[in-house]
Number of protein chains: 2
Amino acid sequence: MQNKVFKALAHPDRRKVLDLLRSGPKLAGDLAAEFDSSWPTMSRHISILKDADLLSAERQGNQILYRINTSVVEDTASTLLTFIGVAHNDDKDDKKEAAE
Amino acid sequence: MQNKVFKALAHPDRRKVLDLLRSGPKLAGDLAAEFDSSWPTMSRHISILKDADLLSAERQGNQILYRINTSVVEDTASTLLTFIGVAHNDDKDDKKEAAE
DNA sequence: ACTCTTATTAGCATTTTTGCTAATTAGCAA
DNA sequence: TTGCTAATTAGCAAAAATGCTAATAAGAGT
């Protein structure tokens with residue numbers, strides 16, 4: 001649901017989480033360490049991002065590794081671009097693409 | 001301020017306003033008419049979009065014409081794409097672009 | 001001036017979001 | 001089992017967002 005994504009993006013710390021994940025997957029603790037807020041607070045921010053499907057989680061024994069969900073971010077950017085009439089090629093199984 | 005933009009995008013009706021403006025500028029009243037909420041409510045949604053600089057307003061006698069602010073939407077899409085490492089050429093007076 | 005239309009602002013109640021501390025779960029190792 | 005680290009969930013208070021009705025402003029026309 002796109003609405004969850006846009007709501008998730010509405011908080012600066014959550015956008016910062018996404019920015020931190022730009023350099024690759026990170027452990028929840030390493031993420032939390034980058035912020036002034038308490039760890040439970042950051043945990044909730046992360047779970048909001050996860051709930052919006054912007055992140056996916058992978059358990060690594062004791063800890064949890066988070067990575068950004070590229071396709072969801074892409075789709076959201078596409079949605080924005082449609083507002084200004086930009087083509088945005090979705091490319092979900094685009095069988096024929098040169099019918100002319 | 002990017003934060004205002006993302007917050008403005010967090011409400012479905014406000015995104016719908018942007019979508020309605022895709023086909024060109026519209027009067028405040030014509031926009032409001034497309035929604036179930038009261039007119040004052042829509043007026044506030046519009047002012048939040050305006051405050052985020054996503055819209056610009058132009059008086060036309062009795063009424064007010066709103067148009068979408070293309071560049072702000074573009075920049076926001078670019079911000080999203082940086083999260084997934086997409087190049088995104090800002091192009092704010094890009095003097096030299098082929099130094100190599 | 002008065003009136004009609006268009007749109008915004010004020011003021012309020014309700015809901016949602018945020019952020020904290022305390023409590024809990026999950027896995028690993030003795 | 002106990003203990004330790006990593007992380008989430010519970011519960012609450014404070015702040016922000018939402019949406020309504022009533023009141024107000026701003027233009028155009030009479």
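All figures in this text were calculated on a predicted structure; none of them were measured in a lab.
Put simply, CZ on B/Arg44 is 13 Å from P on D/dT21, counting in whole angstrom units. A straight line from NZ of A/Lys50 to P of D/dT8 spans 6 Å, rounded to a whole angstrom. Whole-Å rounding puts the A/Glu58 CD to D/dA6 P distance at 18 Å. Put simply, CG on B/Asp51 is 15 Å from P on D/dA16, counting in whole angstrom units. Atoms CG (B/Asn3) and P (D/dA17) sit 9 Å apart, rounded to a whole Å. Following rounding to the nearest Å, B/Phe6 (CZ) and C/dT17 (C1') show an atom-to-atom distance of 18 Å. Rounded to whole Å, atom P of C/dT15 lies 15 Å from atom NE2 of B/His11. Separating the CG atom of B/Leu55 from the C1' atom of C/dT8 is a distance of 15 Å, rounded to the nearest angstrom.
Contacts of residues 62-70 of chain A with DNA chain D (heavy atom under 4.0 Å): A/Asn62, A/Gln63, A/Ile64, A/Tyr66. Contacts between residues 18-43 of chain A and DNA chain C, defined by a heavy-atom separation under 4.0 Å, are made by A/Ser37, A/Ser38, A/Pro40, A/Thr41.
No donor-acceptor pair closer than 3.5 Å links the side chain of B/Arg14 to the backbone N or O of B/His45. Using a distance-only test at 3.5 Å, with no hydrogens or angles considered, a donor-acceptor pair links the side chain of A/Arg15 to the main chain of A/Leu9. A distance-only check finds no donor-acceptor pair linking the side chain of B/Asn69 to the backbone of B/Ser56 [under 3.5 Å]. One N or O on the side chain of B/Lys26 and one on the backbone of B/Leu20 form a donor-acceptor pair closer than 3.5 Å. Put simply, the side chain of B/Arg59 never gets that close to the backbone of B/Leu65: no donor and acceptor are under 3.5 Å apart.
At the phosphate of D/dA17, neither OP1 nor OP2 sits under 4.0 Å from any side-chain N or O atom of B/His45. Side-chain nitrogen and oxygen atoms of B/Arg14 include at least one within less than 4.0 Å of the OP1 or OP2 phosphate oxygen of D/dT18.
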Between B/Arg22 and A/Ile84, does the side chain to side chain contact (heavy atoms under 4.5 Å, CB included) criterion hold? Intermediate values first, please.
CA-CA 6 Å; B/Arg22 203 155 48 86; A/Ile84 53 174; over 6 Å; no
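When each of A/Gln60 and A/Asp13 is assigned the nucleotide of DNA chain C bearing its nearest heavy atom, the one mapping closer to the 5' terminus is A/Asp13.
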Check residues 31-40 of chain B and write down every donor-acceptor pair under 3.5 Å in which the side-chain atom is one partner and the other belongs to a residue at least two apart or another chain.
unit_1  : atom_1 : unit_2  : atom_2 : d
B/Ser38 : OG     : B/Thr41 : N      : 3.3
B/Ser38 : OG     : B/Thr41 : OG1    : 3.0

